[in-house]
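Excluded from the calculations below are hydrogen atoms, water molecules and symmetry mates; all remaining heavy atoms, backbone and side chain alike, are included. Just so it is clear: chains get the letters A, B, ... in the order the sequence lines come, proteins before strands, and each one is counted from 1.
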Protein chains: 2
Amino acid sequence: MSSYKDIVKLTGLSLGTVSNVIQGKGNVKEKNKEKVYAAMRQLGYRIDYQARGLATNKTSLIGLIVSNIENIAETKMLMPMETFAENHKCRIITATSRNDSDRERRNCEAMLSSKVDGLFIFFESLENEEYFRNLAETEKIPIIFLARYLDNCKLPYVAVDNQYAAKSMVDFVYERGHREITYLDIAEESMLSPNRDRRLGVELECKKRGIVYKKREYKRLENDMEVGYHAAEEMILSKSMPSLVFPRDDSFAIGFYNACIRYGIRIPEDVSIMSFGNFYPKEVTPKRLTTYDRRFDKVIHEATLMYLKIREARDNGLEEDKIKKKLFVKGNIIVGETIKDLTK
Amino acid sequence: MSSYKDIVKLTGLSLGTVSNVIQGKGNVKEKNKEKVYAAMRQLGYRIDYQARGLATNKTSLIGLIVSNIENIAETKMLMPMETFAENHKCRIITATSRNDSDRERRNCEAMLSSKVDGLFIFFESLENEEYFRNLAETEKIPIIFLARYLDNCKLPYVAVDNQYAAKSMVDFVYERGHREITYLDIAEESMLSPNRDRRLGVELECKKRGIVYKKREYKRLENDMEVGYHAAEEMILSKSMPSLVFPRDDSFAIGFYNACIRYGIRIPEDVSIMSFGNFYPKEVTPKRLTTYDRRFDKVIHEATLMYLKIREARDNGLEEDKIKKKLFVKGNIIVGETIKDLTK
DNA sequence: TTGAAAGCGCTAACAA
DNA sequence: TTGTTAGCGCTTTCAA
């Protein structure tokens with residue numbers, strides 16, 4: 001491990017000059033620049049971000065806390081996050097909370113101890129409201145919620161516009177002649193902002209149009225596909241299959257779809273499916289799912305933009321008031337083949 | 001942001017004592033410990049890992065470079081990695097190479113500049129052989145390949161035992177009366193160690209048993225499900241559907257399965273599928289895939305164990321020779337419903 | 001254009 | 001048991 005010291009020795013220049021060359025700052029004679037470059041190459045020198053961070057009081061580290069990294073929805077946030085990191089020369093530290101609020105808090109603390117320049121949080125438990133409210137008061141780095149929000153907390157967020165989503169989806173099926181919707185949710189998670197907003201949105205839009213709205217809730221299992229599978233199986237065996245279902249997300253829908261195939265229920269002839277997420281490749285089902293694209297890429301894009309704005313304001317002592325800190329991102333319907341057109 | 005200085009001021013103790021309390025080291029009077037704790041609470045003090053790292057010459061940062069984080073196989077490595085990080089009080093920095101060898105090298109350099117204590121790499125291009133060979137000579141932190149290896153490189157690795165996998169899978173179908181196997185691969189990736197080993201392994205095992213071995217290669221598309229879907233579609237339309245296929249992985253198999261459903265081809269009556277990976281919940285297909293569990297959890301477990309051993313040896317100046325640095329992990333068949341039993 | 005020196009927040013060795 | 005001090009590898013300010 002070579003350091004500036006070694007370069008100083010090799011070149012005979014001073015620490016300050018070496019630093020200037022490496023940072024590409026100040027006025028340094030071309031000849032001396034070359035000397036430094038040569039020494040760097042010879043030594044296989046590599047800058048030490050840690051030391052630089054200590055000196056500059058930032059780390060170029062961005063924290064990303066998710067709930068369950070194996071959940072395909074959350075996976076979708078990683079790539080755009082990496083792209084941001086690449087473009088802004090920073091690195092991502094990740095941590096997973098696994099639906100455990102203690103762990104979530106520990107993760108936050110570790111991130112703050114790691115002196116991340118910014119922190120993005122995708123939470124899944126509602127138990128840390130107070131903790132987050134407190135963070136909002138005490139921390140000076142930007143902390144931004146992803147795809148969820150807390151009603152009584154000042155932390156900024158970028159979420160999916162679930163009311164808009166609800167309206168789009170109800171519109172879509174209404175236009176195709178559907179007059180009855182059965183909403184399928186997972187009980188334990190039904191009060192998280194996105195699930196709640198969407199469910200209530202669908203209910204409201206149904207009321208407006210005189211559509212019959214029904215709701216069924218299922219117990220959380222190992223994964224959402226399993227829940228969807230069992231939900232469909234139960235309906236099939238009890239002969240209570242609705243004409244149209246709104247599963248809470250694509251994973252649920254896929255399980256549902258496969259139980260239908262298994263039992264010879266035809267899609268969309270016997271049951272239509274309006275899914276939510278657009279997380280999987282279209283070949284994940286025999287007929288492409290009709291689903292609502294949540295645009296997590298946009299969520300991350302907006303969140304990182306917001307982060308930059310907040311940082312800039314704080315670094316330069318500007319007023320932060322003008323920055324919009326509560327954003328909702330609109331998605332769009334992906335037209336697949338799982339909604340029967342009743343008007344034909 | 002409070003620091004030791006503030007605690008010193010508040011308690012009247014010295015820096016060294018404060019440091020001892022916070023590290024839980026040395027002998028400090030109970031009363032003074034309490035003082036320090038009280039001051040920490042009052043100040044909302046949080047340790048600065050960056051400064052600690054600079055002083056101790058380690059970061060407690062572990063680097064993880066993957067190829068495509070949205071690939072479900074790679075996602076499977078994150079959770080066990082996080083578990084390790086949690087148990088060993090370190091944090092994970094991730095980076096994604098996206099099948100770009102330049103980016104892969106840049107990622108490595110950034111990790112080394114971040115002074116990670118260890119680096120785990122899941123690579124997908126074969127172009128950086130020389131770069132890695134060089135790293136093996138110059139870097140003193142443990143750098144470990146995950147689920148792949150390079151033939152002429154000293155870097156340690158933990159890979160899936162693909163020859164064993166091949167044997168297991170061929171055995172399984174042989175016992176059920178199959179005497180012909182069609183192996184489906186993606187051309188561009190067929191020379192990566194796991195793909196190559198497995199394909200050659202299957203070929204060899206077929207030869208041993210007098211099974212007819214056929215191979216088909218497909219062009220890489222956006223995702224593997226799509227490739228699988230088109231592969232099946234092509235076979236169906238050209239009426240050349242084999243009796244048994246070995247798709248290169250679960251994603252490929254799912255696409256294949258769904259094209260079959262779409263066209264009314266029955267599984268396993270018309271075509272049997274022996275898949276590879278066990279990456280998805282079993283409800284991802286109407287009938288559970290018969291697949292080989294790659295046990296990426298085990299791969300990560302072994303890799304982190306290897307990391308600890310190497311670190312320990314280097315930290316204590318022990319000889320590293322005794323550490324096994326080339327490991328192969330054995331998986332097992334998951335018996336699903338996609339292999340027809342021809343013996344009945 | 002270059003050099004000298006202080007400092008970032010911590011650890012660790014040593015002295016008291 | 002506590003305090004003092006040097007130092008980790010860099011940046012930055014100021015003087016030369």
Side-chain angles (χ1 to χ4, degrees), chain A residues 1-37 39-40 43-61 89 110 112-117 140-141 315, chain B residues 1-37 39-40 43-61 89-90 109-110 112-117 140-141 315:
Chain A
M1 287 304 86
S2 50
S3 71
Y4 278 16
K5 273 190 191 168
D6 304 290
I7 302 183
V8 166
K9 266 186 219 157
L10 225 63
T11 58
L13 294 165
S14 76
L15 221 60
T17 306
V18 171
S19 176
N20 276 333
V21 175
I22 289 182
Q23 288 183 81
K25 269 204 213 169
N27 291 325
V28 180
K29 255 202 247 164
E30 204 53 40
K31 207 190 285 179
N32 287 334
K33 275 192 197 170
E34 291 307 331
K35 270 195 196 172
V36 173
Y37 293 143
M40 286 170 70
L43 293 164
Y45 174 80
R46 211 175 262 132
I47 196 138
D48 185 329
Y49 289 154
Q50 188 168 225
R52 172 180 281 181
L54 188 59
T56 56
N57 194 29
K58 41 191 192 111
T59 51
S60 296
L61 247 29
K89 300 201 177 308
L112 294 167
S113 265
S114 294
K115 293 285 181 276
V116 292
D117 292 341
K140 28 139 262 327
I141 60 158
D315 286 353
Chain B
M1 287 307 86
S2 50
S3 71
Y4 278 17
K5 272 189 192 169
D6 302 292
I7 302 183
V8 166
K9 263 187 222 159
L10 223 64
T11 57
L13 294 165
S14 76
L15 218 60
T17 306
V18 171
S19 176
N20 277 333
V21 175
I22 290 182
Q23 288 182 80
K25 269 204 214 169
N27 291 323
V28 180
K29 254 202 247 164
E30 204 54 40
K31 205 191 284 179
N32 287 334
K33 275 192 196 170
E34 291 307 333
K35 270 196 196 173
V36 172
Y37 294 143
M40 286 171 69
L43 294 164
Y45 174 80
R46 212 174 262 133
I47 196 137
D48 185 329
Y49 290 155
Q50 189 168 224
R52 172 181 281 182
L54 188 59
T56 54
N57 193 29
K58 36 187 197 114
T59 52
S60 297
L61 247 29
K89 301 203 177 307
C90 52
E109 291 298 314
L112 294 167
S113 265
S114 294
K115 294 284 181 276
V116 291
D117 292 341
K140 27 139 260 334
I141 59 157
D315 286 353

N/O contacts under 3.5 Å, protein versus nucleotides 12-16 of chain D?
{"residue": "D:dT12", "atom": "OP2", "partner": "A:Q23", "partner atom": "OE1", "Å": "3.4"}
{"residue": "D:dT12", "atom": "OP2", "partner": "A:K25", "partner atom": "NZ", "Å": "2.4"}

Nearest whole angstrom, please: distance from the [atom2] of [N] to the [atom1] of [X].
X	N	atom1	atom2	value
B:K31	D:dT2	NZ	C1'	14 Å
B:N27	D:dT2	CG	P	9 Å
A:I7	D:dG9	CD1	C1'	11 Å
A:M1	D:dC10	CE	P	11 Å
B:K58	C:dC10	NZ	P	16 Å
A:D6	D:dC8	CG	C1'	13 Å
A:L54	D:dG9	CG	P	12 Å
A:D48	C:dC8	CG	C1'	13 Å

Return the minimal non-hydrogen interatomic distance between [X] and [Y], and the atom names on each side.
X	Y	answer
A:D48	B:K115	OD2-CE, 3.3 Å
B:Y49	A:S114	CD1-OG, 3.4 Å
A:V28	A:V21	CG1-CG2, 3.8 Å
B:C90	B:S60	CB-O, 2.9 Å
B:E109	A:R46	OE1-NE, 2.7 Å

### Task
Report yes if at least one side-chain N or O of A:K5 is closer than 4.0 Å to OP1 or OP2 of D:dC8; otherwise report no.
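A:K5 to D:dC8 OP1/OP2: side-chain N or O found under 4.0 Å.
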
### Message
If the cut-off is 4.0 Å, is A:Y4 near the phosphate of D:dT11, judged by side-chain N/O to OP1 or OP2?
### Response
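Indeed, a polar side-chain atom of A:Y4 lies that close.
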
Side chain of [X] only, heavy atoms from C-beta on: which candidate in [options] is closest?
X	options	value
B:V28	C:dT11, D:dC10, D:dT2	D:dT2
A:I47	C:dG3, D:dG3, D:dC10	D:dC10
A:T17	C:dG3, C:dC8, C:dC10	C:dG3

Identify, with sequence neighbours excluded, every residue that meets side chain to side chain contact (heavy atoms under 4.5 Å, CB included) alongside [X].
X	value
A:K89	none
A:S14	A:T17
A:I7	A:T11, A:V18, A:I22, A:V36, A:A39, A:M40, A:L43, A:Y45
A:K5	A:S3

### Query
Is the side chain of A:T56 donor-acceptor paired with the backbone N or O of A:R52 at a distance under 3.5 Å, no angle test?
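Judged by distance alone, yes, a pair lies under 3.5 Å.
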
### Message
Taking the nucleotide of DNA chain D with the nearest heavy atom to each, does A:I22 or B:S14 sit closer to the 5' end?
### Response
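Nearest nucleotide further toward 5': that of B:S14.
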
### Task
Looking at every strand, decide which applies to A:N57 at a 4.0 Å heavy-atom threshold: base, sugar-phosphate, or nothing.
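Since no nucleic acid heavy atom lies under 4.0 Å of A:N57, the category is nothing.
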
Polar atom pairs between nucleotides 14-16 of chain C and protein, under 3.5 Å, N or O only, would you list them?
none

